[in-house]
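A short write-up of the structure that comes next.
Keep in mind that what you see is a predicted model, and the values were worked out from it rather than measured.
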Amino acid sequence: MTKIAVIVGSLSQKSINRHVANDILKHTPADVEIVPVQIGDLPLYTQDLDAVSIPAYDRVREQLATADAVLIVSPEHNRSTPAAVKNVIDIASRPYGQNSWQGKKVAVVTASPGAYGGINSGLHLRQVLQGVGANVLSAPEVYLSRASLEIDERTAGFLAKFATQFFHWAK
């Protein structure tokens with residue numbers, strides 16, 4: 001069975017990105033296990049903690065290390081990556097020699113109510129993930145502009161196509 005870790009970059013329970021992630025996950029094949037990765041309880045990363053066992057760090061490192069692929073669905077904060085998403089990337093790339101991202105298949109989806117669909121966040125995430133050695137899905141790219149909690153038929157069709165391609169690639 002293929003295991004997919006899912007990170008939603010918004011900490012809000014009512015976030016557009018959580019809604020988009022759920023819409024994508026409606027298309028999960030039967031032979032795929034979804035592992036939600038909670039990031040809201042993670043202390044900010046500092047190298048001082050590398051030698052200490054922190055349960056929240058240990059949990060996400062294990063979830064990401066054992067996943068076959070990762071789906072990140074994230075908003076854009078101030079034209080970049082939300083701090084909570086960058087924090088989980090940093091945590092899972094450390095301590096030195098224990099990088100959970102190395103060679104990991106990762107897809108990035110962004111959604112924003114603005115006109116640009118979180119493209120800056122998506123591009124920054126791709127850059128950081130490539131920097132830590134992840135195998136980032138190059139296409140299809142998903143930057144949903146004018147996103148809302150109401151997913152129209154056209155967007156639902158686009159997300160369904162993305163889901164099919166992502167799950168096939170992740171296996």
Side-chain angles (χ1 to χ4, degrees), residues 1-42 45 55-77 81-93 99-112 117-119 121-130 132-144 147-149 151 155-171:
M1 177 164 289
T2 302
K3 189 184 290 189
I4 308 291
V6 178
I7 297 171
V8 175
S10 173
L11 302 182
S12 171
Q13 291 302 309
K14 296 179 181 180
S15 82
I16 291 168
N17 284 271
R18 186 171 309 283
H19 192 68
V20 168
N22 289 338
D23 197 75
I24 292 168
L25 297 177
K26 288 191 305 191
H27 305 284
T28 303
D31 61 343
V32 172
E33 177 187 353
I34 299 299
V35 178
V37 178
Q38 300 303 320
I39 63 174
D41 64 338
L42 296 172
Y45 175 74
Y57 280 17
D58 296 342
R59 180 193 73 233
V60 298
R61 286 174 175 152
E62 174 69 17
Q63 288 175 314
L64 295 171
T66 60
D68 297 295
V70 179
L71 173 64
I72 299 175
V73 183
S74 181
E76 181 172 292
H77 289 177
T81 305
V85 178
K86 180 61 168 69
N87 192 42
V88 73
I89 292 170
D90 292 343
I91 289 166
S93 70
N99 181 0
S100 298
W101 298 107
Q102 187 63 46
K104 187 71 61 187
K105 292 180 176 181
V106 183
V108 175
V109 171
T110 62
S112 169
I119 193 167
S121 176
L123 294 174
H124 292 168
L125 277 169
R126 289 169 175 275
Q127 180 181 31
V128 170
L129 288 162
Q130 288 171 343
V132 295
N135 175 8
V136 182
L137 179 65
S138 60
E141 292 180 298
V142 180
Y143 308 108
L144 295 178
S148 72
L149 293 175
I151 295 178
T155 302
F158 175 72
L159 292 175
K161 286 179 187 175
F162 166 79
T164 299
Q165 291 176 304
F166 167 68
F167 289 120
H168 176 73
W169 174 75
K171 290 183 181 188

### Task
Applying side-chain hydrogen bond (donor to acceptor under 3.5 Å, both in side chains), name anything that partners Ser93, two or more places apart in sequence or on another chain.
none

### Query
Quick one: does Thr155's side chain have a donor or acceptor within less than 3.5 Å of a partner on Ile151's backbone?
no

### Side-chain ion pair, Asp41 and Arg59, N-O less than 4.0 Å
yes

#### Entry: Minimum heavy-atom distance Pro75-Ser121, with the two atoms named
O-OG, 3.0 Å

### Message
Given 3.5 Å as the limit, does a donor-acceptor pair link the side chain of Glu33 with the main chain of Lys3, or not?
### Response
no

### Message
Within this structure, what is the OG1-CD1 distance for the pair Thr110 and Ile16, rounded to the nearest 0.5 Å?
### Response
11.5 Å

### Task
For residues Ser74 and Val108, determine if any side-chain heavy atom of one lies less than 4.5 Å from a side-chain heavy atom of the other.
no

### Query
Atom CG of Leu159 and atom CG of Leu25: how far apart are they, to the nearest 0.5 Å?
10.5 Å

### Query
Nearest heavy-atom pair of Ala156 and Asp23: which atoms, and what distance?
CA-OD2, 4.1 Å

### Pairs involving residues 161-171, ordered by first then second residue, that meet side-chain hydrogen bond (donor to acceptor under 3.5 Å, both in side chains) (sequence neighbours left out)
Asp31-Lys171

### Query
Where do Phe166 and Val109 land on the side chain to side chain contact (heavy atoms under 4.5 Å, CB included) test, with the steps shown first?
CA-CA 11 Å; Phe166 167 68; Val109 171; over 6 Å; no

#### Entry: Residue pairs passing the side-chain hydrogen bond (donor to acceptor under 3.5 Å, both in side chains) test where at least one lies in residues 6-19, sequence neighbours excluded
none

### Message
Rounded at 0.5 Å granularity, tell me how far NE2 in His124 sits from CG in Leu129.
### Response
12.5 Å

#### Entry: Side chain to side chain, Trp101 and Val128, heavy atoms closer than 4.5 Å
no

Enumerate, atom names and distances included, each donor-acceptor pair closer than 3.5 Å involving a side-chain atom of residues 84-91, sequence neighbours excluded.
from	atom 1	to	atom 2	distance (Å)
Lys86	NZ	Asp90	OD1	2.6
Lys86	NZ	Asp90	OD2	3.0
Asn87	OD1	Tyr45	N	2.8
Asn87	ND2	Pro43	O	3.2

### Message
To the nearest 0.5 Å, what is the distance between CD1 on Ile24 and CD1 on Ile4?
### Response
12.0 Å

#### Entry: Val6 and Val70: CA distance, side-chain angles, deciding distance, side chain to side chain contact (heavy atoms under 4.5 Å, CB included) verdict
CA-CA 6 Å; Val6 178; Val70 179; over 6 Å; no

### Message
My understanding is that only residues two or more places apart in sequence, or in another chain, count here; which of them pass side-chain contact (heavy atoms from CB on, under 4.5 Å) with Ala21?
### Response
Val8, Val73

### Task
Check His27 against Ala163 and note the closest heavy-atom contact, atom names and distance.
CB-CB, 3.7 Å

Indicate every side-chain donor-acceptor pair of residues 135-142 with a distance under 3.5 Å to a residue at least two apart or in another chain.
from	atom 1	to	atom 2	distance (Å)
Glu141	OE2	Tyr143	OH	3.0

### Message
Working to the nearest 0.5 angstrom, can you tell me the gap between Tyr57 OH and Leu42 CG?
### Response
7.0 Å

### Query
Between the main-chain N or O of Gly117 and the side-chain N or O of Glu76, is there a donor-acceptor pair closer than 3.5 Å?
no

### Task
Look up atom CD1 in Ile7 and atom CD in Gln63, then write down how far apart they are to the nearest 0.5 Å.
8.5 Å

### Query
Would you find a donor on one side and an acceptor on the other, under 3.5 Å apart, between the side chain of Asp68 and the backbone of Ala170?
no

